[in-house]
Amino acid sequence: MRKEDVQKVLIPEDELKRICKKLGEQISRDYEGKNLLLVSVLKGAVVFLSDLLREITCDCRIDFMAVSSYSGTKSTGFVKFKKDLDISPEGCDILIVEDILDSGVTLAYLKNILADRNAASIRICALLDKPENRKADIKADYVGAVIPDEFVVGYGLDYDEKYRNLPYVGVLSPSVYEK
Ligand code: IMP
Ligand code: MG
């Protein structure tokens, strides 16, 4: 990647660390004595999950689902289901861990699927929230940061499967996708 591919750093590393610590404390308090199952959405949320997980002090398990709705920088509006859970969600207090809540179509779809499976509760934790672009009627119960409607990469988030390895969240320069 070229340095100029990222227009500006939106959330630096130390701020991401603070966000995970704060969310981890809140979640640990709220889920003490519960049957917490963190469900991460592949692949964008894995970096966030791995940092958040280490800030959670109550008993918990993790599992993964995979879906995709994006093509380039635009949501296709269709969600493709790619991988289901390994652990049965029955009786679990599910916390869906997502990288970003944008149109909300992906999370509304996942919540719907999980709603039919007798979980004790289902909540959502999103690192980033882009409320300006919301299409589905959905809110996150825990949010790391609210951001403007710009395409961001890094800290797990990709453009065309690239930039996930950046340690910060940055705005992708439009010159990358307007070529
Ligand atoms: P939604 O269904 O529109 O809410 O889209 C959610 C998914 O789209 C996220 O899990 C991301 O994978 C992807 N996404 C949305 N906005 C961005 C962005 O700014 N950068 C990278 N991926 C994004
Ligand atoms: Mg994602």
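Values below: all heavy atoms of this structure, side chains included; hydrogens, waters and symmetry mates excluded. Note that ligands are numbered from 1 as they come in the structure, with each ligand's atoms numbered from 1 the same way. Positions are given from 1 along the sequence.
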Check if Val41 has a non-hydrogen atom at a distance under 4.0 Å from any atom of ligand 1.
-> no
Where ligand 1 meets Asp158 - atom numbers and elements under 4.0 angstrom, heavy-atom basis = 21 (C)
Are Glu15 and Arg18 within salt-bridge range, i.e. N to O under 4.0 Å?
-> yes
Compare all side-chain heavy atoms of Leu53 with those of Cys60 and state whether any distance is below 4.5 angstrom.
-> yes
Near Glu150 (heavy-atom distance under 4.0 Å), the atoms of ligand 1 are 19 (O)
Are side-chain heavy atoms of Ser40 and Phe48 found at a separation under 4.5 Å?
-> no
Purely on distance, is any nitrogen or oxygen of Gly104 under 3.5 Å from one on ligand 1?
-> yes
With heavy atoms of Thr106 as the reference, note each atom of ligand 1 found under 4.0 Å away.
-> 1 (P), 2 (O), 5 (O), 6 (C)
Parallel, tilted or perpendicular: rings of Tyr31 and Tyr142 (30°, 60°) = tilted
State plainly whether the residues Glu32 and Arg29 are in salt-bridge range, i.e. N to O under 4.0 Å.
-> no
Report yes if Val152 has an N/O atom closer than 3.5 Å to an N/O atom of ligand 1; otherwise report no.
-> yes
Sub-4.0 Å heavy-atom approach of Asn133 to ligand 1 = no
Does any N or O in the side chain of Asp93 come within less than 3.5 Å of the main-chain N or O of Asn35, such that one atom is a donor and the other an acceptor?
-> yes
Check each atom of ligand 1 against the heavy atoms of Ser103 and keep those under 4.0 Å away; list them by number with element.
-> 1 (P), 2 (O), 3 (O), 4 (O)
Do the charged groups of Asp14 and Lys17 touch, with an N to O distance under 4.0 Å?
-> no
Which of the ligand 1 atoms, numbered from 1, are nearer than 4.0 Å to a heavy atom of Glu98 | 9 (C), 10 (O)
For Leu157, atoms of ligand 1 separated by under 4.0 Å from a heavy atom = 21 (C), 22 (N)
Sub-4.0 Å atoms of ligand 1 with respect to non-hydrogen atoms of Lys130 | 16 (N), 17 (C), 18 (C), 19 (O)
More than 12 heavy atoms from other groups under 6.0 Å of CG on Asp59 = no
Distance filter under 4.0 Å to Asp99 heavy atoms, resulting ligand 1 atoms = 9 (C), 10 (O), 11 (C), 12 (O)
Just say parallel, tilted or perpendicular for the rings of Tyr159 and Tyr177, cut-offs at 30° and 60°.
-> tilted
Looking at ligand 1, does Lys135 have a heavy atom less than 4.0 Å from it?
-> no
